[in-house]
Amino acid sequence: MPNFMARQENSGRRRVGIALAVAFVVLQCLDVTTYPLFNYDEALLNDAGWQLVSTGRFRADVLGLNRGFESHYLWQPPGLPLAAAASYGLFGFGIWQTRLASILFGGLGVWAVFHFVRSLNPGTIGASIAALSLFFWPEWVLTAKESRMDTAAIFALVVATHLTVQSLRGDAVPCRRVLFLAGLCTGVAMIFHTVALLWGGGLGIVILAFARNRFRSAFVFAAGAAVFGTMWLVHALQFPQEFQAQYLSLLFNRAGGGGLVERFASEGARYLQEIDRRPTVYAVALFGFCGFVAQRRWTDQRIRVLLVLTGTVLLLHALVAGKLSGFYTLYPMALVFCLIGIGIEACEAGSTAGHGRRLLAFVVTVSCIAFMANIAALSIGPRVLTYWFQAVPRDYELQMEALSSRLKPGDQVWGSAVAWIATVKAGARLDALDWVPGVEGTRPDPLQHKYVVVDRDALFTGSDGYQKIVAFGDALPMVFGSRLSNKSYLFDLWQSKSLP
């Protein structure tokens, strides 16, 4: 009977992680088509998936006018467009289908964090705090809903970390099959986002530092990590000019620049800016640190591995990752949340007896609740406001009606990639004007492109061959002094003078 009760308790605890993952997916799907506004990155990153489903060719048609982008998609690793292709193949084409895969991976990432921390702690407090921190963290929610690569990459990396840490928990030789599987998961992450290389490098370093037969163990891990990347590189290097024009050009543009001091200063400034409106994170981090010290959690080798890994990933991101774009801070922060959860549970565990300790437990609990309320207000609050005050100007189909009602199958459009969904649904095609790092801008051809869609009152090269026929879209109204977005669906539609 005691064994049965223990199994039931463990099963119930595992269900907490599953429930959090499901809740995350459901919450993001409630306003999946209206928040955030559809942006040009979503078109550029996912069009190759739609082309694979609709034409059988893996290329980004919206980028086809850019030199080196004509035939194959090599701009980013292929994970995200392949996941998008699965969504399009199953459910058709649209905004929610484009965003579905990254939202699902977002839920899986929450589950993976819960399960990982739960494997290191006896209770569920720390696992719940770590998972909820990621659940409500505004950047996590935003990257999940903007159909980007980060949620899938971080999910796979957390799984890889779980396998690696568990394999290094004692003095025994790590199981090579587990390390190879951890490497495979790291390789999956790198197929979604190149920045996963830094976390993967950190895993390789901790294997070298902690494993018995360290070189053999590191080799097994590296062999697993190289499988999918090697397959992609073998494919990509068949087209060296396109690979250079697309992937390498973007890679060098995104990598951090400047001297060492400047890189560390820029990285620190980025984190400070990110948590500027989340001061409660300092309190939970402090209590987590106190829990580590009070309970001497570093005496567990698995915790030491995680501490070294987190420090290594933070260091590598400061040295290499770009500072001006992307959601790169999410990668180290996912590990930091795991450490905070472990420390908070240790702090709570040391506060079970005596008046002073009960008071400490109360303060820790209040701090955690305040932290969750703080980040939830930032990630969910704006969405509630947009639902009440901005529903109409955020309705993509309604705002794009002036364009979609004019388009006929076979028409060609040049302009903002935001118009991609409306253009494809009308049976037309779009050449995007949006800036691609390292590539010269494109221009419309009035003998080819019947319509041009640009931001309201924007100028473009070659406008003398077109006439403006309508301005469309509604501006987002101010809500408590903010538009809750950096742009609205505000466009001008131009028509070629040379095409009927």
Side-chain angles (χ1 to χ4, degrees), residues 9 12-24 27 106-107 109-142 154 158 271-272 274-298 300 303 306-307 310 329-330 332-384:
E9 183 179 2
R13 289 175 175 176
R14 285 194 294 269
R15 291 195 190 103
V16 174
I18 297 172
L20 288 174
V22 172
F24 180 86
L27 184 61
V110 170
W111 168 82
V113 166
F114 179 90
H115 187 64
F116 173 48
V117 177
R118 175 74 183 84
S119 72
L120 300 175
N121 273 357
T124 59
I125 293 175
S128 298
I129 289 171
L132 285 170
S133 299
L134 193 64
F135 187 113
F136 290 120
W137 197 249
E139 283 72 25
W140 183 256
V141 173
L142 188 60
I154 290 174
V158 174
Y271 281 102
L272 289 174
E274 187 170 301
I275 63 177
D276 180 52
R277 295 190 296 163
R278 307 159 209 181
T280 52
V281 70
Y282 295 111
V284 293
L286 175 62
F287 286 123
F289 175 77
C290 292
F292 261 95
V293 173
Q295 299 297 315
R296 298 175 59 84
R297 291 294 281 127
W298 62 83
D300 184 336
I303 305 299
L306 180 56
L307 284 167
T310 304
T329 57
L330 273 174
M333 287 304 298
L335 291 169
V336 170
F337 290 147
C338 294
L339 290 173
I340 288 175
I342 293 167
I344 291 291
E345 181 162 322
C347 192
E348 292 274 9
S351 308
T352 56
H355 177 73
R357 291 185 173 183
R358 286 197 296 270
L359 178 60
L360 174 61
F362 174 77
V363 173
V364 171
T365 301
V366 170
S367 298
C368 291
I369 293 173
F371 172 59
M372 296 304 167
N374 186 179
I375 58 178
L378 294 174
S379 61
I380 297 177
R383 295 161 60 182
V384 176

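The model shown is predicted, which means the values in this text are computed figures rather than measured ones. Only this structure's heavy atoms are used, side chains among them; waters, hydrogens and symmetry mates stay out.
The side-chain heavy atoms of L120 and D300, taken from C-beta on, include no pair separated by under 4.5 Å. Contact of the P279 side chain with the N374 side chain is registered, since non-hydrogen atoms from C-beta on lie closer than 4.5 Å. Inter-residue side-chain proximity for V363 and F287 is flagged as met; some heavy-atom pair is nearer than 4.5 Å. In this structure, R296 and V293 have side chains that are not in contact, with every pair of non-hydrogen atoms separated by 4.5 Å or more. A heavy-atom distance below 4.5 Å is not found between the side chains of M333 and L134.
Screening residues 363-384 for salt bridge (charged side-chain N to carboxylate O under 4.0 Å, His left out), with sequence neighbours left out, gives D31-R383. Sequence neighbours left out, the pairs with a member in residues 124-141 that pass salt bridge (charged side-chain N to carboxylate O under 4.0 Å, His left out) are E139-R278.
For the ring-ring contact (aromatic ring centres under 6.0 Å, His included) test, residues two or more places apart in sequence or in another chain that qualify with F337 are W137. Taking T310 as the reference, L306, L314, L335, V336, L339 meet the side chain to side chain contact (heavy atoms under 4.5 Å, CB included) condition, with sequence neighbours excluded. The ring-ring contact (aromatic ring centres under 6.0 Å, His included) test applied to F135 returns F24, not counting sequence neighbours. Residues that satisfy the side chain to side chain contact (heavy atoms under 4.5 Å, CB included) test with S128, not counting sequence neighbours, are V16, F114, T124. Every residue meeting the side chain to side chain contact (heavy atoms under 4.5 Å, CB included) condition with V22, not counting sequence neighbours, appears here in chain and number order: I18, V26. For S367, the side chain to side chain donor-acceptor pair (under 3.5 Å) criterion is met by no residue, not counting sequence neighbours. By the side chain to side chain donor-acceptor pair (under 3.5 Å) test, W111 is found to be paired with no residue, residues two or more places apart in sequence or in another chain being considered. Applying the side chain to side chain contact (heavy atoms under 4.5 Å, CB included) criterion to I369, with sequence neighbours excluded, gives T365. Shown here are the salt bridge (charged side-chain N to carboxylate O under 4.0 Å, His left out) partners of R297, two or more places apart in sequence or in another chain: there are none.
Summarising the geometry, atom CD1 belonging to I342 is positioned 13.5 Å from atom CD1 belonging to I125; distances are rounded to the nearest 0.5 Å.
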